[in-house]
> 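For reference, the structure I am asking about is given below.
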Amino acid sequence: MALKLHGLPLSTCTGRVLTIFHEKSLDFELVPVNLPAGEHKQPAFLAKNPFGQIPVLEDGDLTLFESRAITAYVAEKFKDTGADLIRHNNLKEAALVKVWTEAESQNFNPAISAIVFQHLVAPIYGMTPDQAVIDANLEKLAKVLDVYEARLSSTKYLAGDFYSLADLNHLPYTHYFMKTPWASLVNERPHVKAWWEDISSRPAFKKVAEAMTMGQK
Ligand SMILES: N[C@@H](CCC(=O)N[C@@H](CSO)C(=O)NCC(=O)O)C(=O)O
């Protein structure tokens, strides 16, 4: 068993890696990390990821952290297995996958992750959601989704007319966002809505989504 993933099934960033594992039908071992007990801040885990966060992937003597770097590694290593997620035979398509993968990390993620944290995660830790933070990030997310709506009116997926790593990296946070009172931000944009329904209905993600609940239905 070469692939050992340290994380939790309900974790968004762990979910990115679990999703590509299923897209490629890879064997792997999921090693739970006890976040409530602070295991991820202990020396043994910090030796794997000095930033003290999940997920971490161990593949033989290679240890990786940062979920998007991990999904890119898996997509490259297993580029001839299962779905082609990085378009390695087409330089232009591969470049557009990189553009929209960065767009997720740099523009989409900061806004959506703040909303999901405040609304779903903070209460788990006994904290009151900060509505001002939510409102500010809803405004940012709306602007990002306007860009997505325009893009998706000309291509089926973000990088082109093919599903790619760029779409995959969006799945976990959007899954939780759709459980918040602001799912209309996606649903009121027809191309974004159709894109979300398409990518979230892929069998690989449906398997992962089953475990992605934070107490709510
Ligand atoms: N940029 C990194 C973020 C990892 C992260 O936030 N991990 C969270 C759980 S993800 O839901 C985490 O480990 N939180 C605990 C903490 O930060 O202390 C990545 O993409 O891997």
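Every number for a ligand or one of its atoms is a count from 1 in the order of the listing.
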> What I want to know is whether K41 and ligand 1 share at least one N or O pair that is separated by under 3.5 angstrom.
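Checking ligand 1 against K41, an N or O pair does fall under 3.5 Å apart.
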> Could you tell me which atoms of ligand 1, counted from 1 in the order shown, lie closer than 4.0 angstrom to a heavy atom of R68?
20 (O)
> I'd like to know if the side chain of R151 reaches the main chain of L158, judged simply by a donor and an acceptor atom lying under 3.5 Å from each other, with no hydrogens or angles considered.
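Yes; judged by distance alone, with no hydrogens or angles, the pair exists.
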> Quick test: of every protein heavy atom, which one is nearest to atom 3 (C) of ligand 1, and how far off is it to 0.1 Å?
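Here the nearest protein heavy atom works out to Q53 OE1, 3.6 Å.
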> Scan residues 156-169 for pairs that pass salt bridge (charged side-chain N to carboxylate O under 4.0 Å, His left out), counting only residues two or more places apart or in two chains.
K156-D198
> I need the L171 CG to L18 CG distance, nearest 0.5 Å.
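Between L171 CG and L18 CG, I get 12.0 Å after rounding to 0.5 Å.
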> Which one of Y148, F108, Y157 satisfies the ring-ring contact (aromatic ring centres under 6.0 Å, His included) criterion with W100?
Y148
> Hey, which atoms in ligand 1 end up nearer than 4.0 Å to a heavy atom of P55?
21 (O)
> Among N169, L64, I54, V121, which one has a heavy atom closest to atom 7 (N) of ligand 1?
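It is I54 that holds the nearest heavy atom.
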> Do W182 and H119 have their ring centres less than 6.0 Å from each other?
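Ring centres of H119 and W182 closer than 6.0 Å.
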> Counting non-hydrogen protein atoms only, what is the nearest one to atom 20 (O) of ligand 1? Give residue, atom name and distance.
S67 OG, 2.7 Å
> Measure the distance from atom 1 (N) of ligand 1 to every protein heavy atom, then report the residue, atom name and distance (to 0.1 Å) of the closest one.
E66 OE1, 2.6 Å
> Backbone or side chain, does any N or O of L35 fall under 3.5 Å from an N or O of ligand 1?
no
> Please work out which of V33, T12, V56, V116 has its closest non-hydrogen atom nearest to atom 11 (O) of ligand 1.
T12
> Begin from the C-alpha positions of N169 and S105 and carry the test side chain to side chain donor-acceptor pair (under 3.5 Å) through to its verdict.
CA-CA 8 Å; N169 282 348; S105 171; over 6 Å; no
> As an exercise, identify every atom of ligand 1 less than 4.0 angstrom from a heavy atom of H40.
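Heavy-atom distances to H40 below 4.0 Å select 15 (C), 16 (C), 18 (O).
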> Tell me which pairs pass side-chain hydrogen bond (donor to acceptor under 3.5 Å, both in side chains) where either residue lies in residues 54-65, with sequence neighbours left out.
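Found H6-E58, D59-Y73, D59-K77.
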